[in-house]
Amino acid sequence: MVDLAAARELMPRGARGNLLQLHRDTPTQWDAWDIDEHYKRNTVDLSAAESVEVFADAPEQVSVRVTRTFGSSRLVERITLAAGSPAIDLHLEIDWHEKQKLLKLAFPLDLHADRAASEIQFGHVFRATHTNTSWDAARFETVAHRWVHVGEPGYGVAVANDSTYGHDIGRSTGPDGRTRTTVRLSLLRAEVFPDPAADQGRHELRVSLRVGAGIPEAVAEGYRLNRPLRTVDGVSAARVEHLIEVDNPAVVVEAVKLAEDRSGDLIVRLYEAHGSRARARVIRHFEATDVTETDLLERPLAAGAATLSADGPALALELRPFQLVTLRFARP
Amino acid sequence: MHDDGALVEKRIDRFVRERLRPAVHRASVPLRVDAWSVTDAPVPFSEAVRQSYTAFGTGRAWGRPWGTTWFHVTGTVPAEWAGEAGTRVELVVDLGFSRATPGFQAEGLVWTPDGIILKAVEPRNRSVPLRARPGGQVDLYIEAAANPDVTSGFTFVATDQGDPATAGTDQIYRLKRVDLALRDEAVWQLSQDFWTLTGLMRELPVGLARRAEIRRALESCIDAMDPDDVAGTAGLGRAALAAVLARPANASAHRLHAVGHVHIDSAWLWPVRETVRKVARTFSNVLSLMEENPDFAFAASSAQQYAWLKEHYPELFARVKAQVAAGRFVPVGGMWVESDTNMPGGEALARQFVAGKRFFIEEFGVEPLEVWLPDSFGYSAALPQIMVAAGSRWFLTQKTSWNETNLMPHHTFRWEGIDGTQIFTHFPPVDTYNAQLSGEELARAERQYAEKGAANTSLVPFGWGDGGGGPTEEMIAAARRTASLGGSPTVELSTPRRFFEAAEAEYPEPPVWSGELYLEFHRGTYTSQARTKRGNCRSEHLLREAELWACAASVSSGAEYPYDALEQAWQTVLLQQFHDILPGSSIAWVHQEAERNYAAVADALTTLIEVSARQMCGAGDGAVTLNAGPYSVGGISGLGVARRPRRMPSAPRRHPAPRCAARPPASCSTTASWPSRSTLTGSSPPWSTSPRPGS
């Protein structure tokens, strides 16, 4: 897999990307709760395909459909690349009938990374990809929200998804002596306690591999996959609305809502998503008589920490890394 | 002197087992029992009381899994109990309790014929004090829940009992005892003396004089008493123990703030509907205990659980409300439920606090400042900022003590999140949220407490959790005896707030832990029950969309903002984020219900979004594309609306997609498209490529 824009091979030599792996998953105790480290010792690579067919072949996108059967399960994966797109979209439909198995989706990457970023609430955390200390080693399975990111300075890859939270990200040395970084998503389990039929049946999820990504692109990829465009018919397209604009992609509007006290005031919650200090202008397109910074309960803060200046509909803010800001616009 | 210590300690155990405990009740008489059974969902008292009951005796089997049997119990308090001084009349019930942990088996709630809840009965809390006098009539109803033991002693054996469709119909309990009993107060007090003293004795080093002193006192007590007349000689026994009980604590003894507490999982090895009843049972116990113990305070979290009480048990809720006003019933946490904190998105975690605190402020006029998450499976590094932004000051958990590999170095510290926000945090070193205030627990708290030398105060939450019934009078008795007791940490009945204020004052510069509190355990919970995970993910994003477009409709066209519908959707989603639902660690029943809930939320929100779009755009035969994301996509600016472009990239759909509970209905089409590069480089503002809004 080559990133033409960066002239870079993404896959380590001899490695398979988008590899489905089936592990024995028999926790020592607390079945639904635990994935134990010993799961890694029994792995089956699901590399055989029942069929591979070109599903769409058009200038705007190409799509391949791969069907696999294993155990008592069947998996249909659609792999799509859109024109000009820096990401490969994977759409998986799985009819899952395994017991005590863990299904992982692996992306071995020719990247030398000693840490990985995982999205959490209003930001991200970095975790080591090595196992130097007992604390690092104990993090053999980790949580991430919409995306994870691994990279070298100047070049990285994000893996985003719209359903699961389980990941493991590690590094190893290939036969060629080069370090590689492997990002794996935990897609499905089938534990037997306390629900003996857990996870049986149909599942659907989307995953994307976004190449040439820094943290900003990873953040955007998480939103693209999870908050897709929506088309609504049966409307007169004459009146369109746009409530709020922000001129810095590091400052993300997470919520727009009316106030809990039902006064009609409008609440905008935003946060700094890149882990950097960020200035931004927030421009409103609605009538407001005042704007204040508040706490989460929409009560005014004694001192607004982020506001630099307010000038008509434009509000200038400066946010510290990962800072969360709630704005309350009083409306006439 | 010859060392007979081991023999004496055996003698003490046998005396307690064979003489003391059986003498707590001077007499007892069986009540008449009639029964009526409900096989499906529980019914309210008003319906149960109207049914016709049939004669039922102790020894008979009752209760298919998840069924409810109402026992009508009647009788007369024996007139001859009139002359018995120092006694109390009580109802004693054994529904057929097993050795399984309380909360994971049968439970009962006792009602008067006019529908007032008296108290619950559970395996470790079997009696109900009665006001009936000798010669008086007793007429009560016991609502008995046949909750099966899904745990099999936590051996993790697969069981079909977690799904009512497969749980079977065999009756799983046998009614053992429904008696009126006459409790001897002095014998009961003496047995509490023994429990605390033997518990302390066993924790003290064998070579310590205090251990020997306690042993000799207990031995003298037994010597002084007549084993065939325990009631008649209990006073002598208590006198023999007075001196060892009066020995004050060491000046440097660890200080424990004991807080009455119940940890009730909002769903787990039982469905949500059973949690509603567990809350009522435990809260009724607490109210009963408060009547007898004016200095006893109790803390419980989760606005959702109080909201259930308000909806289903208004009379009980009113009594709780009165005790909240008195400062004795203390809502803590400030969240809607004790949620998972690994997986809920940023806005959802914020809303746990918004919804939770709003409820407590509106219903009780109190705002909990202590975040209370003793049991969630690890704590996100985003939490400190969210907690502080919600106005909270302190954080409590103990779950990190479950780590398989590493021991957390602190019990009291400042926890710093990804943005640098710090919050004063405490891990109770007792390592449980279900303490009984036993000698073993108190000693463990003191031994493990990591801040020794720099600080000396910790919190111990006591009470049987999960429907076990909460704090008991035995636990309060233990707290009184250890208020200042030589060899023991000191125990003060307290509140979370009093603890945190004392701990902060004593330890103004505690150590700092930066970053996540990763739980080295339960790592499967990020993946288990994938449809529940997906349901949460999709619901959170639909909520963002629905609120945004409802705002746009309201601001642009004066449309009514759907406050109630959004609040209902949020509350449903917040409840499913409870730390055994979203993590996927509940029985099948709970997850089936979660999937249905997510499907209903998706339907309701999709409709709301479409209604809002029509309100803001007006009805017509055109189409618009909405971008609820923060970045420009396909030429449509972030948070913007555009006429439907001629060619939107969209994946052709040539085959039917599988059914998926949380998938939006087919009537709305969603497309994942590319953010324009300009938004990411910041070289041009994100709205420059899309039509300007009309306002």
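Each chain gets a letter, A, B and so on, in the order the sequences are listed, and its residues count up from 1.
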Tell me, side chain or backbone of B:T166 under 4.5 Å from chain A's heavy atoms, or both, or neither? neither
Which portion of B:W589 sits near chain A, non-hydrogen atoms under 4.5 angstrom: neither
Flag for A:S163-B:K533: side-chain donor and acceptor within less than 3.5 Å: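 Side chains of B:K533 and A:S163: no pair found under 3.5 Å.
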Report which part of A:Y165 has an atom under 4.5 Å of a heavy atom belonging to chain B: side chain, backbone, both, or neither. both
Honestly, the part of A:R262 sitting under 4.5 Å from a heavy atom of chain B is both
Under 4.5 Å to a heavy atom of chain B? For A:E191 that would be side chain
Over 60° means perpendicular and under 30° means parallel, so classify the ring planes of A:F329 and A:F286, tilted if in between.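 The rings of A:F286 and A:F329 stand perpendicular, inter-plane angle above 60°.
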Give the ring-plane orientation class for B:F156 versus A:W30, where under 30° counts as parallel, over 60° as perpendicular and anything between as tilted.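 B:F156 and A:W30: tilted rings.
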Please examine the side chains of A:R230 and B:L542, heavy atoms only from C-beta on, and report whether any two atoms are closer than 4.5 Å.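 Yes, side chains in contact.
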Closest approach of B:D419 to A:P321 (non-hydrogen atoms, all atoms of both residues): CB-O, 3.5 Å
So which residue, A:P196, A:A138, A:G166, ends up with the most heavy-atom pairs under 4.5 Å with chain B?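 The residue among A:P196, A:A138, A:G166 with the greatest pair count is A:A138.
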For chain A, the option from B:N627, B:T421, B:D163, B:L383 that forms the most heavy-atom pairs under 4.5 Å: B:N627
A:F140 versus chain B, heavy atoms under 4.5 Å apart: side chain, backbone, both or neither? both
Contacting moiety of A:A259, where chain B heavy atoms sit under 4.5 Å: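 When you check distances to chain B, only backbone atoms of A:A259 fall under 4.5 Å.
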Among A:W135, A:F193, A:Y271, A:F122, the residue with the most heavy-atom pairs under 4.5 Å to chain B is A:W135
Mind checking whether A:L243 and A:V268 have side chains closer than 4.5 Å, heavy atoms only? no
Part of A:I120 within contact of chain B (heavy atom distance under 4.5 Å): side chain
Residue part contacting chain B, namely of A:T142, when any heavy atom lies under 4.5 Å: both
B:T532 (side chain) donor-acceptor with B:L582 (main chain) under 3.5 angstrom: no
Heavy-atom pairs under 4.5 Å with chain A are the metric here; pick the option from B:E367, B:M343, B:Q161, B:E520 that has the most.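 Of the options given, most contacts go to B:M343.
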So, the part of A:L205 with a heavy atom under 4.5 Å from chain B: the answer is both
What part of A:Y223 gets closer than 4.5 Å to chain B, counting heavy atoms only: side chain, backbone, both or neither? side chain
Do B:V150 and B:I587 have side chains that approach each other closer than 4.5 Å (heavy atoms only, starting at C-beta)?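 Counting from C-beta outward, B:V150 and B:I587 do come under 4.5 Å.
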Could you check which of B:L519, B:D621, B:I386 has the highest count of heavy-atom pairs closer than 4.5 Å to chain A?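 Between B:L519, B:D621, B:I386, the count favours B:I386.
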Partner chain B: residue of A:V192, A:V252, A:D31, A:L324 with the largest heavy-atom pair count (under 4.5 Å): A:L324
Option in B:Q385, B:H522, B:E547 with maximal non-hydrogen atom pairs under 4.5 Å from chain A: B:H522
What part of B:L548 lies closer than 4.5 angstrom to a heavy atom of chain A: side chain, backbone, both or neither?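 Both backbone and side chain of B:L548 come within 4.5 Å of chain A.
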B:S586 and B:D580: side-chain donor and acceptor closer than 3.5 Å?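 B:S586 vs B:D580: no donor-acceptor pair found between side chains.
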Against chain B, label A:L266 side chain, backbone, both or neither, depending on which of its atoms sit under 4.5 Å from a heavy atom there. side chain
What I want to check is whether the side chains of A:Y39 and B:R523 have a donor and an acceptor closer together than 3.5 Å. no
Part of A:A198 lying under 4.5 Å from any heavy atom of chain B: both
Which region of A:E293, side chain (C-beta onward) or backbone (N, CA, C, O), has a non-hydrogen atom less than 4.5 Å from a non-hydrogen atom of chain B, or is it both or neither?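 Neither the backbone nor the side chain of A:E293 comes within 4.5 Å of chain B.
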Does any N or O in the side chain of A:R331 come within less than 3.5 Å of the main-chain N or O of A:G264, such that one atom is a donor and the other an acceptor?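 Answer holds: yes.
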Distance-only donor-acceptor check, side chains B:S380 and A:Q121, under 3.5 Å: yes
Given A:L187, A:V256, A:D34, the one with more heavy-atom pairs under 4.5 angstrom with chain B than any other is A:D34
Could you check if a side-chain atom of A:P27 sits within less than 4.5 angstrom of a side-chain atom of A:R189, using non-hydrogen atoms only? yes
Decide if the gap between the ring center of A:F322 and the ring center of A:H274 is smaller than 6.0 angstrom. no
Please determine, among B:G162, B:G584, B:A390, B:A613, the option with the most heavy-atom pairs under 4.5 Å with chain A.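 Ranked by heavy-atom pairs under 4.5 Å with chain A, first place is B:A390.
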With respect to chain B, which residue among A:T133, A:N226, A:V125, A:L185 yields the maximal number of heavy-atom pairs within a distance under 4.5 Å?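 Greatest number of close heavy-atom pairs with chain B: A:N226.
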Where the side chain of B:N403 meets the backbone of B:T405, is there a donor-acceptor pair that is under 3.5 Å apart?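 Not confirmed, B:N403 side chain does not pair with B:T405 backbone.
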In terms of heavy-atom pairs under 4.5 Å with chain B, the winner among A:L102, A:D199, A:T294, A:D261 is A:D199
Checking A:R127 against chain B: side chain, backbone, both or neither under 4.5 Å from a heavy atom? side chain
Would you say the side chain of B:T155 lies within less than 4.5 Å of the side chain of A:Q29, judging by non-hydrogen atoms? no
Interface residue of largest heavy-atom contact number with chain A, from B:R351, B:R544, B:E516, under 4.5 Å: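 Option with the top pair count is B:R544.
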For A:R269 and A:T326, does a side-chain donor sit closer than 3.5 Å to a side-chain acceptor? yes
Contact part of B:V590 toward chain A, heavy-atom cut-off under 4.5 Å: side chain, backbone, both or neither? neither
